[in-house]
Enquirer: 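Here you go, one structure.
Note that the numbering runs from 1 along the sequence shown for the chain.
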Amino acid sequence: MIEQTLKEAKFACRAMQLVDKDTKIEALKKIHDNLLNRMSYILSENDKDIQAARANGMRESMIDRLQLSEARLQEIAQGVLDVAALPDPIGEVVREIHRPNSLLIKQVRIPIGTVAVIYESRPNVTVDIAAICIKTNNVCVLKGGKEAIHSNIALAEVMNEAIKDVLPAHVINMVQVTDRQAVNDILNGIGLVDVVIPRGGKGLIQHVVQNAKVPVIETGAGLCHVYVDKEADLDMAVRIAVNAKLQRPSVCNAMETLLVHKDVAEEFLTKLKPEIERVQVYGDQTALHYLPGQTATDENYSTEYDDYKLNVKVVNDVDEAIEHIYDHSTKHSETIVTENKATAQYFMDALDSACVYHNASTRFTDGGQFGFGAEVGISTQKLHARGPIGLPEMTSTKYLIYGSGQIRE
């Protein structure tokens, strides 16, 4: 079954790579309209997933990732329009070379081809990936988690219904089986899958990276840090820390560890305490002098919670903060809060995470927030794509060489 889906997807790439930009925009607008028109159906299917999640004891922070609402669907649909409005990267000339023998060589952007994405319980991902793939003339194979199976099938159905008379068949392919073998079949799709992108927790990502026989763009778990420097505006630091942890704790760009300079620990943590009363704190001895909680272990500092849990550590200086981040970070997103621009630049230059911030919440690591319309995921690897994966990252290139009879001597 999976092999047939992959074959259909790969064949669709031939027709899809010739689709012009106006047709793609038309398709995306139709998807936007149909998402809104079929909202009640999508929400009813999503409710099946929510009820099953609660029956299975899923924690509320994870249910929040799974849940759709009218407002969220409107936001998802608007994201499709945002992608449609972005400059089209396909056909863009990356560079042009004029050789002494009069050969004209152009490197241009082209689709990657068949993009398989394996992800967990966030149904908005289904739409985001489909929209980005359509805009970049790619064909997508989507394998969502069993927790969102009803939602994902409904969303794929609604999108395919919208584009059936506009785009080639099998441009959006939803894998409807939920067993692990389906994942392995995708990972073994040599010649059928051009790239696979895992989007989810550490276990999923490691399984894909370790078992794939096709190319992988590795997205990373989000073990994000905020460092409050001795020269920070402490009121700003409290706002940033609260936002980074509590605005939506279940997502990969939420803060998991708060590092605080020793010189401001007492004042800052005293200010922070009433703002994080519902958060379970794991801290070092100094932090626990000001905050109620449990002693942090090395395992705590290496854990992505996606929950109302937070590590807090007091450090001697910016270098100790940097060393801690190198020891524990997944190279996703880190923030320094300071009024000292030199310290901020030192922190930003010293770290090699995908996104490093000065005086802003890690929650901005997101394709929509970066102006990409949507994203396929957050890449923490260093080859090809890094950070939020938007339109340019979903392209490859080829060379077009124009001659007038030249032969090589």
Enquirer: Looking only at heavy atoms, what is the nearest atom pair of Ala385 and Ile217, with distance?
Expert: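 Closest approach of Ala385 to Ile217, heavy atoms only: CB-CG2, 4.4 Å.
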
Enquirer: Judged by modelled atom types alone, do Asn340 and Thr338 share a side-chain donor-acceptor pair under 3.5 Å?
Expert: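 Looking only at side-chain atoms, Thr338 and Asn340 do not form any donor-acceptor pair under 3.5 Å.
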
Enquirer: What's the shortest heavy-atom distance between Gly293 and Gln280, and which atoms?
Expert: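 The answer is CA-NE2, 4.1 Å.
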
Enquirer: Do the non-hydrogen side-chain atoms of Val139 and Glu8 ever get within less than 4.5 Å of each other?
Expert: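 Side-chain contact under 4.5 Å: no.
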
Enquirer: Distance only, no hydrogens: is a donor on one side chain within 3.5 Å (strictly under) of an acceptor on the other, for Thr303 and Tyr282?
Expert: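 Checked: Thr303/Tyr282 side chains show no N/O donor-acceptor pair below 3.5 Å.
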
Enquirer: For Tyr357 and Asn359, test the side chains for any donor-to-acceptor distance below 3.5 angstrom and give the result as yes or no.
Expert: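 Short answer, no.
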
Enquirer: Hey, is the main chain of Leu155 close enough, under 3.5 Å, to the side chain of Thr126 for a donor-acceptor pair?
Expert: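 Checking the backbone N and O of Leu155 against the side chain of Thr126, no donor-acceptor pair under 3.5 Å is found.
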
Enquirer: Are the side chains of Tyr305 and Asn311 in touch, meaning some heavy atoms are under 4.5 Å apart?
Expert: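 They are in side-chain contact.
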
Enquirer: Roughly how far, to the nearest 0.5 Å, is CD1 of Ile110 from CD of Glu92?
Expert: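 Separation between the atoms: 13.0 Å.
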
Enquirer: Under a 4.0 Å N-O cut-off, is there an ion pair linking Glu147 with Arg65?
Expert: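 No, this pair does not count.
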
Enquirer: Please tell me if the side chains of Lys273 and Pro292 come closer than 4.5 Å, counting only heavy atoms from C-beta onward.
Expert: yes

Enquirer: Are side-chain heavy atoms of His332 and Ile378 found at a separation under 4.5 Å?
Expert: yes

Enquirer: Are any of the side-chain nitrogens in Arg199 or Asp128 under 4.0 Å away from the carboxylate oxygens of its partner?
Expert: no

Enquirer: Decide, yes or no, whether a salt bridge links Lys29 with Glu26 under the criterion of side-chain N to carboxylate O below 4.0 Å.
Expert: no

Enquirer: If you measure only the distance, is there a donor-acceptor pair under 3.5 Å linking the side chains of Tyr399 and Arg95?
Expert: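 There is such a pair (donor and acceptor under 3.5 Å, judged by atom type) between the side chains of Tyr399 and Arg95.
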
Enquirer: I'd like to know if the side chain of Gln345 pairs up with that of Asp349 as donor and acceptor (distance under 3.5 Å, no hydrogens or angles considered).
Expert: yes

Enquirer: For Ala53 and Ile63, which heavy atoms make the closest approach, and how far apart are they?
Expert: CB-CG1, 4.2 Å

Enquirer: Between Glu161 and Arg38, does any NZ, NE, NH1 or NH2 come within less than 4.0 Å of an OD or OE carboxylate oxygen?
Expert: yes

Enquirer: Rounded at 0.5 Å granularity, tell me how far CG in Leu310 sits from CG in Leu272.
Expert: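 Here the interatomic distance stands at 7.5 Å.
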
Enquirer: For Ala254 versus Thr362, what's the shortest heavy-atom pair and its separation?
Expert: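 Answer, listing the atom of Ala254 first, then Thr362: C-OG1, 4.1 Å.
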
Enquirer: Once you round to the nearest 0.5 Å, how far does CG of Asn37 lie from NZ of Lys30?
Expert: 10.5 Å

Enquirer: Could you tell me if Thr297 and Asn300 have a donor-acceptor pair between their side chains, going purely by distance under 3.5 Å?
Expert: yes

Enquirer: List the atom of Cys133, the atom of Met394, and the distance in Å for their closest heavy-atom pair.
Expert: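 Nearest pair, atom of Cys133 first, then Met394: SG-CE, 4.1 Å.
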
Enquirer: For residues Asp229 and Val337, determine if any side-chain heavy atom of one lies less than 4.5 Å from a side-chain heavy atom of the other.
Expert: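 Side chain of Asp229 against side chain of Val337, heavy atoms only: no contact under 4.5 Å found.
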
Enquirer: Between Asp317 and Lys230, does any NZ, NE, NH1 or NH2 come within less than 4.0 Å of an OD or OE carboxylate oxygen?
Expert: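 No, Lys230 and Asp317 are not salt-bridged.
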
Enquirer: Around atom NE2 of His358, are there more than 12 heavy atoms from other residues, nucleotides or ligands closer than 6.0 Å?
Expert: yes

Enquirer: Can you confirm whether the side chains of His150 and Asp49 place a donor and an acceptor under 3.5 Å from each other?
Expert: yes

Enquirer: Classify the ring geometry between Phe370 and Phe372 as parallel (under 30°), tilted (30 to 60°) or perpendicular (over 60°).
Expert: perpendicular

Enquirer: Do Thr286 and Asp284 pass the side chain to side chain donor-acceptor pair (under 3.5 Å) test, and can you show the C-alpha distance, the side-chain angles, and the key distance before you say yes or no?
Expert: CA-CA 6 Å; Thr286 306; Asp284 64 2; 4.7 Å; no

Enquirer: Are side-chain heavy atoms of Tyr41 and Leu43 found at a separation under 4.5 Å?
Expert: no

Enquirer: Could you check whether any side-chain heavy atom of Glu339 comes within less than 4.5 Å of a side-chain heavy atom of Met236, counting everything from C-beta outward?
Expert: yes

Enquirer: With Tyr119 as reference, evaluate Asn152, Val376, Ile197, Thr219 under the side-chain contact (heavy atoms from CB on, under 4.5 Å) test and give the passing residue.
Expert: Asn152

Enquirer: Check Ala265 against Val260 and note the closest heavy-atom contact, atom names and distance.
Expert: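 Looking at all heavy atoms of both residues, the shortest contact is CA-CG1, 3.7 Å.
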
Enquirer: If you define the side chain from C-beta out and look only at heavy atoms, does anything of Glu157 sit under 4.5 Å from Met174?
Expert: no

Enquirer: Working to the nearest 0.5 Å, report the span between OH of Tyr301 and NE2 of His225.
Expert: 9.5 Å

Enquirer: Which residue, Lys309, Lys313, Lys245, forms the salt bridge (charged side-chain N to carboxylate O under 4.0 Å, His left out) with Glu256?
Expert: Lys245

Enquirer: What distance separates Ser361 OG from Arg239 CZ, expressed to the nearest 0.5 Å?
Expert: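 So the OG of Ser361 and the CZ of Arg239 are separated by 12.0 Å.
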
Enquirer: Rounded to the nearest 0.5 Å, what's the gap from CG on Leu68 to CG on Leu66? Could you check?
Expert: 7.5 Å

Enquirer: For residues Glu45 and Ser151, is any side-chain donor paired with an opposing acceptor at under 3.5 Å?
Expert: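 Per modelled atom types, Glu45 and Ser151 side chains form no pair under 3.5 Å.
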
